[in-house]
Trainee: 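First the structure, which I've put down as structure tokens, then a few questions once you've had a look.
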Amino acid sequence: MTEPAVHDTQLAPSPGCPPPHPAPRAPSLALPPDSCDAHCHILGPADVFPYAPDRTFTPLDAPKEQLRALHAHLGLTRAVIVQSSCHGHDHSVLLDALRSGDGLLRGVALIGESTTREGVEKLHRAGVRAFRLNFLPHLRIPPTRAEIGSVLERVDGLGWAAQLHVRGEQIALLEDLVRGLPGKVVVDHIGRVDLAAGPDGPPLRSLRALLDSGRVWVKVSGVDRVSRQGPPYADAVALAASLVAHAPERVVWGTDYPHVNITGHAPDDGLLVDLLERIAPDPAHLRRLMVDNPAELFDFPTDLPTGSPTDFPAGS
């Protein structure tokens with residue numbers, strides 16, 4: 001794997017923001033052409049793209065060059081960059097990445113009171129196709145119904161998906177809200193469910209019921225966050241596999257790189273790719289998970305150039 005770019009200025013990271021795995025393995029699983037990392041972040045560098053003054057955590061820098069090297073190493077050729085709350089509503093870092101992606105990158109935005117309709121349309125032209133609602137208290141105070149309504153007004157008519165970041169028990173509590181959202185809805189990281197509640201607990205019952213609605217998708221990413229066993233995360237992998245088998249047409253996957261706000265060391269992203277062989281053992285399901293579903297959900301163009309999101313133009 002190519003060494004990531006090094007920047008002179010680096011803020012001290014918060015607890016729970018470890019450095020990436022020092023030597024991710026080269027995956028043994030050959031991914032289908034045009035496979036997509038549907039959930040990853042670009043963070044900083046802070047001396048170019050400062051972190052928000054009111055952020056709730058400070059990460060290590062993870063610039064686009066670093067993500068480029070990882071995707072080349074893993075064999076991923078498309079990606080969806082999710083705006084991190086540590087950058088707040090300033091989307092400069094996201095726009096910079098999307099400009100250099102040659103159509104192989106899509107984005108997920110954080111829309112706030114300072115984001116105008118003109119700003120939303122600029123994001124859309126750049127390749128943003130979803131907005132994220134954070135309900136986890138370590139990231140922000142959960143949005144009110146009025147705030148969600150304001151966001152929906154600003155993105156109206158663009159066909160964006162609503163991406164929900166929730167934790168376990170919130171899924172059942174928010175089920176009516178989710179059903180009332182227009183368009184597609186995607187639940188991050190398997191809903192960050194507590195596996196101690198079992199496969200028939202309220203969170204998973206609600207998640208499966210939402211999947212059955214036909215408008216709700218789930219990211220089977222974050223098995224390292226959900227697992228109670230540690231690597232190779234067999235308990236969470238089994239859950240992810242059950243969801244892929246349950247609704248193969250409405251699941252997507254991502255690395256969640258660079259793995260902020262976690263406990264312990266960052267996972268091996270090469271291992272996470274190899275676990276896809278167990279998450280989607282049917283080749284047809286694997287192709288849907290990695291290629292067809294993200295293309296539909298995030299509106300990737302059909303005439304993409306050959307290459308990878310790592311092929312940023314020189315000097316970009």
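Please read these numbers as outputs of a predicted model, since none were measured by experiment.
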Trainee: Does the ring of F135 carry R167 above it, NZ/CZ under 6.0 angstrom from centre and within 45° of its axis?
Mentor: no
Trainee: Can you establish whether the number of heavy atoms outside E277 located under 6.0 Å from its atom CD is more than 12?
Mentor: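 Incorrect, the count does not exceed 12.
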Trainee: Would you give the length of the straight line joining atom CG of L105 to atom CD1 of I81, rounded to the nearest 0.5 angstrom?
Mentor: 5.5 Å
Trainee: Could you walk me through whether D212 and H246 pass side chain to side chain contact (heavy atoms under 4.5 Å, CB included), step by step?
Mentor: CA-CA 9 Å; D212 290 341; H246 184 83; 2.8 Å; yes
Trainee: I need the S28 OG to L271 CG distance, nearest 0.5 Å.
Mentor: 9.5 Å
Trainee: Which atoms form the tightest heavy-atom contact between P24 and L70, and what is the distance?
Mentor: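 Minimum heavy-atom contact is CG-CD1, 4.3 Å.
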Trainee: Among residues two or more places apart or on two chains, list those pairs meeting side chain to side chain donor-acceptor pair (under 3.5 Å) that have a residue in residues 262-271.
Mentor: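 Listed by first then second residue: H259-D269.
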Trainee: With H91, which residues qualify under ring-ring contact (aromatic ring centres under 6.0 Å, His included), at least two apart?
Mentor: none
Trainee: Shared ILVMFWY cluster between L158 and L94, side chains joined below 4.5 angstrom?
Mentor: yes
Trainee: Tell me, do S35 and V291 make a side-chain contact under 4.5 Å, heavy atoms counted?
Mentor: yes
Trainee: Measure the shortest side-chain to side-chain distance between L104 and T77 over non-hydrogen atoms and say whether it is less than 4.5 angstrom.
Mentor: no
Trainee: Taking L173 as the starting point, is it possible to reach L204 by hopping between hydrophobic residues whose side chains are less than 4.5 Å apart?
Mentor: no
Trainee: Check whether any side-chain N or O of S227 sits under 3.5 Å from a backbone N or O of V223 as a donor-acceptor pair, and report yes or no.
Mentor: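 Checked: no pair found.
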Trainee: Go through the steps for R179 and E175 under the test salt bridge (charged side-chain N to carboxylate O under 4.0 Å, His left out), then give the verdict.
Mentor: CA-CA 6 Å; R179 290 182 182 276; E175 186 172 341; 3.1 Å; yes
Trainee: For a 4.5 angstrom cut-off between non-hydrogen side-chain atoms, does L177 reach I148?
Mentor: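 Of all side-chain heavy-atom pairs linking I148 with L177, at least one is under 4.5 Å.
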Trainee: Minimum heavy-atom separation for V108 to F131, with atom names?
Mentor: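 Nearest pair, atom of V108 first, then F131: CG1-C, 4.0 Å.
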Trainee: Using a 3.5 Å distance criterion without hydrogens, assess whether the side chain of D90 forms a donor-acceptor pair with backbone atoms of S92.
Mentor: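 Looks like yes, one N/O pair under 3.5 Å.
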Trainee: Is H87 reaching over with its side chain to a backbone N or O of G44, donor-acceptor style, under 3.5 angstrom?
Mentor: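 Pair found, side chain donor or acceptor close to backbone of G44.
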Trainee: What pairs with R125 under salt bridge (Lys or Arg N to Asp or Glu O under 4.0 Å), at least two apart in sequence or on another chain?
Mentor: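 Partners of R125 by the salt bridge (Lys or Arg N to Asp or Glu O under 4.0 Å) criterion come out as none, since no residue qualifies.
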Trainee: Where do L110 and G88 come nearest, in terms of heavy atoms and distance?
Mentor: CD1-O, 3.8 Å
Trainee: Following the transitive rule for hydrophobic clusters with a side-chain heavy-atom cut-off under 4.5 Å over Ile, Leu, Val, Met, Phe, Trp and Tyr, establish whether V178 and L152 coincide in one cluster.
Mentor: yes
Trainee: Looking at residues at least two apart in the chain, or sitting in another chain, which of them share a side-chain hydrogen bond (donor to acceptor under 3.5 Å, both in side chains) with H124?
Mentor: R129, W160
Trainee: Starting at OH of Y233, measure out to CG of L195 and round the result to the nearest 0.5 Å.
Mentor: 13.5 Å
Trainee: Can you confirm whether R192 sits close enough to H165 that some side-chain heavy atom of one is under 4.5 Å from a side-chain heavy atom of the other?
Mentor: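 The answer is yes, as the side chains (C-beta and beyond) meet within the 4.5 Å cut-off.
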Trainee: Ignoring hydrogens and geometry, is there a side-chain-to-backbone donor-acceptor pair from N293 to R288 under 3.5 Å?
Mentor: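 Present.
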Trainee: I171 vs L210, test: side chain to side chain contact (heavy atoms under 4.5 Å, CB included). Steps then yes/no.
Mentor: CA-CA 9 Å; I171 299 173; L210 288 170; 4.2 Å; yes
Trainee: Check whether any side-chain heavy atom of P294 sits under 4.5 Å from a side-chain heavy atom of V80, and report yes or no.
Mentor: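 They are not in contact (no side-chain heavy atoms under 4.5 Å apart), so the answer is no.
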Trainee: Nearest heavy-atom pair of D37 and D256: which atoms, and what distance?
Mentor: OD1-N, 4.5 Å
Trainee: Compare all side-chain heavy atoms of C86 with those of H41 and state whether any distance is below 4.5 angstrom.
Mentor: no
Trainee: Could you tell me the separation between the CD atom of E121 and the CG atom of L123, rounded to the nearest 0.5 Å?
Mentor: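 CG of L123 is found 10.0 Å from CD of E121.
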Trainee: Of all the heavy-atom pairs spanning K219 and V82, show the shortest one and how long it is.
Mentor: NZ-CG2, 4.2 Å
Trainee: Examine distances only and state if a side-chain atom of T116 and a backbone atom of G119 form a donor-acceptor pair shorter than 3.5 Å.
Mentor: yes
Trainee: Measuring from atom CZ of F49 to atom CG of L95, what distance do you get when rounded to the nearest 0.5 angstrom?
Mentor: 9.0 Å
Trainee: In sequence, state the C-alpha distance, the side-chain angles, and the governing distance for D61 and Y51, and then conclude on side chain to side chain contact (heavy atoms under 4.5 Å, CB included).
Mentor: CA-CA 10 Å; D61 285 346; Y51 300 126; 2.6 Å; yes
Trainee: Would a distance-only check, ignoring hydrogens and angles, find a side-chain to backbone donor-acceptor pair under 3.5 Å from D274 to P27?
Mentor: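 Pair absent, no side-chain N/O of D274 close to backbone of P27.
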Trainee: Is any side-chain heavy atom of H71 less than 4.5 Å from a side-chain heavy atom of Y257?
Mentor: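 H71 vs Y257: side chains apart.
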Trainee: Counting only N and O atoms by type, is there a donor-acceptor contact under 3.5 Å from the side chain of H73 to the main-chain atoms of R25?
Mentor: yes
Trainee: Can you check whether G112's main-chain N or O pairs, donor with acceptor, with T115's side chain at less than 3.5 Å?
Mentor: yes
Trainee: Would you indicate whether the side-chain heavy atoms of E169 and D194 approach each other to under 4.5 Å?
Mentor: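 When only atoms from C-beta onward are counted, E169 and D194 do not touch, as no gap falls below 4.5 Å.
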Trainee: Looking at R106 and D299, would you say the former's side chain and the latter's main chain have a donor-acceptor pair under 3.5 Å?
Mentor: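 Yes; judged by distance alone, with no hydrogens or angles, the pair exists.
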Trainee: State the CG-CZ distance between L243 and R250, to the nearest 0.5 angstrom.
Mentor: 11.5 Å
Trainee: I'd like a table of donor-acceptor pairs (distance under 3.5 Å, sequence neighbours excluded) in which one partner is a side-chain atom from residues 180-191, with atom names and distances.
Mentor:
from	atom 1	to	atom 2	distance (Å)
D188	OD1	Q163	NE2	3.1
D188	OD2	R132	NE	2.8
D188	OD2	R132	NH2	2.8
D188	OD2	Q163	NE2	3.3
H189	ND1	S221	OG	2.8

Trainee: Yes or no on side chain to side chain contact (heavy atoms under 4.5 Å, CB included) for L276 and L31, after CA distance, side-chain angles and deciding distance?
Mentor: CA-CA 9 Å; L276 289 167; L31 293 172; 3.9 Å; yes
Trainee: Got a sec, which pairs hit salt bridge (charged side-chain N to carboxylate O under 4.0 Å, His left out) with one end in residues 144-161, sequence neighbours left out?
Mentor: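 Every salt bridge (charged side-chain N to carboxylate O under 4.0 Å, His left out) pair that includes a residue of residues 144-161, provided the two are not neighbours, is R140-E147.
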Trainee: Might you point out which heavy atoms bring C36 and L76 nearest each other, and give the distance in Å?
Mentor: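 Closest heavy-atom pair between C36 and L76: C-CD2, 4.0 Å.
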